[in-house]
Trainee: 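Let me begin by handing over the structure; questions about it come next.
When reading the values below, keep in mind they use all heavy atoms of this one structure, side chains included, and skip hydrogens, waters and symmetry mates. Numbering of ligands and ligand atoms starts at 1, following listing order.
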Amino acid sequence: MKKKAKFITFEGVEGSGKSSIISLVRNYLVRRGLKVVIFRDPGSTPVGEKIRAILLDKKNSISHYTELLLYLAARAQLIEEKLKRALNNYDIVICDRFFDSTLVYQGYGLGLGKIVEESVDTFSFGIVPDITIILDSDVRKSLNRLRKKDRIEMRSLKFHYRLRKGYRKLAKKFPKRVRLINADKSLNEVFDEVKHTLEDFLLVD
Ligand code: TMP
């Protein structure tokens, strides 16, 4: 798909500080005169937000395959309803999580394997981030930062360790697109590193 915008996604384990970094990145890019929009996955559409509420509600008992399908459904809705258009109308489109989360959480975390790769491929409709920043942080410390835990955050420590390992594997598998940044530092230090990575990317690309 031909597009005008650069598509940037942010990933990481729970409590890795994604939201704070994304908001700093947005301000920085806007100050540079760029037209920026931010989405979150799952979410950012009326139906996507409803699916998100189902997925995160700890009262719900959801089978692994249903969970996979719901994440794919929310993303399909986001792509068709918002993302495709945004990629042609903005300079920068930022997404707080995207298909790498499915590869890691449902693929590595739940161990659903190949079907995850195949279905992610099909239901991303050819849309691939230009750059993906993974905020790599200590699982135990990050989980301790959370106040109230949702259905996914409540999973075992083992599950969360698999996520960090999964993200590191992705960074190795896609070294050009995926950048791993040490997030066990102060917010300013992490932001500085993210900023440098994005500056290099925006200059070269
Ligand atoms: P967050 O956007 O606040 O981080 O919450 C989304 C939660 O959903 C988080 O626990 C990660 C999880 N998730 C998946 O398990 N698979 C996915 O494909 C996506 C996008 C998120």
Side-chain angles (χ1 to χ4, degrees), residues 7-23 25-26 38-45 47-83 93-125 127-129 132-137 139-167 169-170 174 178 183:
F7 182 29
I8 304 173
T9 59
F10 285 84
E11 296 281 348
V13 297
E14 311 296 338
S16 59
K18 263 185 309 106
S19 313
S20 314
I21 290 293
I22 287 175
S23 131
V25 166
R26 190 237 329 257
I38 299 179
F39 298 120
R40 68 172 178 180
D41 180 17
S44 292
T45 66
V47 164
E49 289 294 333
K50 286 185 180 165
I51 297 174
R52 178 186 176 91
I54 293 172
L55 280 162
L56 300 187
D57 184 348
K58 56 185 168 214
K59 292 196 292 296
N60 289 338
S61 159
I62 301 177
S63 86
H64 289 177
Y65 287 106
T66 306
E67 177 175 311
L68 169 64
L69 290 166
L70 288 173
Y71 278 111
L72 296 174
R75 185 168 313 119
Q77 189 66 30
L78 173 62
I79 291 173
E80 302 284 4
E81 191 176 325
K82 297 269 178 78
L83 194 61
V93 175
I94 295 178
C95 209
D96 182 345
R97 299 193 181 279
F98 199 58
F99 63 52
D100 293 300
S101 281
T102 317
L103 296 175
V104 166
Y105 279 72
Q106 284 65 50
Y108 293 114
L110 297 182
L112 297 187
K114 195 133 188 76
I115 194 167
V116 174
E117 281 175 38
E118 287 166 3
S119 56
V120 155
D121 228 40
T122 304
F123 294 106
S124 304
F125 310 105
I127 294 183
V128 179
T132 298
I133 308 261
I134 297 176
L135 299 179
D136 181 48
S137 60
V139 169
R140 209 182 273 266
K141 267 194 232 152
S142 301
L143 283 172
N144 278 340
R145 271 188 223 124
L146 304 173
R147 265 169 285 141
K148 252 172 60 193
K149 293 198 169 115
D150 62 35
R151 197 181 62 84
I152 307 282
E153 290 162 350
M154 277 171 53
R155 287 187 172 146
S156 69
L157 203 55
K158 263 194 176 156
F159 173 84
H160 292 285
Y161 276 115
R162 282 202 294 279
L163 302 182
R164 187 178 194 191
K165 240 178 145 175
Y167 274 127
K169 275 192 189 160
L170 280 190
F174 305 107
V178 178

Trainee: Between ligand 1 and Arg52, is the shortest N or O to N or O distance under 3.5 Å?
Mentor: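 Yes, at least one N or O pair falls under 3.5 Å.
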Trainee: Run the numbers for me: atoms of ligand 1, each under 4.0 Å from some heavy atom of Lys18, listed by number.
Mentor: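 Listed by number with element: 4 (O).
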Trainee: Quick one: CG on Leu163 to OH on Tyr108, what's the gap to the nearest 0.5 Å?
Mentor: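 Rounded to the nearest 0.5 Å, the CG-OH separation comes to 11.5 Å.
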Trainee: Is any NZ, NE, NH1 or NH2 atom of the basic residue among Lys18 and Asp96 found under 4.0 Å from an Asp or Glu carboxylate oxygen of the other?
Mentor: yes
Trainee: With the threshold set at 4.0 Å, does a side-chain nitrogen-carboxylate oxygen contact exist between Arg155 and Glu67?
Mentor: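 Glu67 and Arg155: salt-bridged.
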Trainee: Please state which protein non-hydrogen atom is closest to atom 20 (C) of ligand 1 and give its distance, to 0.1 Å?
Mentor: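 For atom 20 (C) of ligand 1, the nearest protein heavy atom is Asp41 O, 3.3 Å.
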Trainee: Would you say the ring centroid of Phe98 lies under 6.0 angstrom from that of Phe7?
Mentor: yes
Trainee: What protein heavy atom sits nearest atom 21 (C) of ligand 1, and how far off is it?
Mentor: Tyr71 CE2, 3.3 Å
Trainee: State the atoms of ligand 1, each with its element, that fall below the 4.0 Å cut-off from a heavy-atom position in Gln106.
Mentor: 14 (C), 15 (O), 16 (N), 17 (C), 18 (O)
Trainee: Hey, are Asp136 and Arg164 close enough for a salt bridge, meaning a charged N less than 4.0 Å from a carboxylate O?
Mentor: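 Salt bridge present between Asp136 and Arg164.
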Trainee: How close does the nearest protein non-hydrogen atom get to atom 18 (O) of ligand 1, and which residue and atom is it?
Mentor: Thr102 OG1, 2.5 Å
Trainee: Counting only heavy atoms, tell me which of Gly15, Ala74, Gly12, Ser101 gets closest to atom 19 (C) of ligand 1.
Mentor: Ser101
Trainee: Carefully, step by step, assess Arg75 and Glu80 under the rule salt bridge (Lys or Arg N to Asp or Glu O under 4.0 Å).
Mentor: CA-CA 9 Å; Arg75 185 168 313 119; Glu80 302 284 4; over 6 Å; no
Trainee: Does an N or O from Glu14, backbone or side chain, lie closer than 3.5 Å to an N or O of ligand 1?
Mentor: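 So ligand 1 has an N or O lying under 3.5 Å from an N or O of Glu14.
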Trainee: For Arg97 and ligand 1, answer yes if some heavy atom of the residue is under 4.0 Å from a ligand atom, otherwise no.
Mentor: yes
Trainee: Ignoring hydrogens and geometry beyond distance, is a side-chain donor-acceptor pair present between Ser16 and Ser142 at under 3.5 Å?
Mentor: no
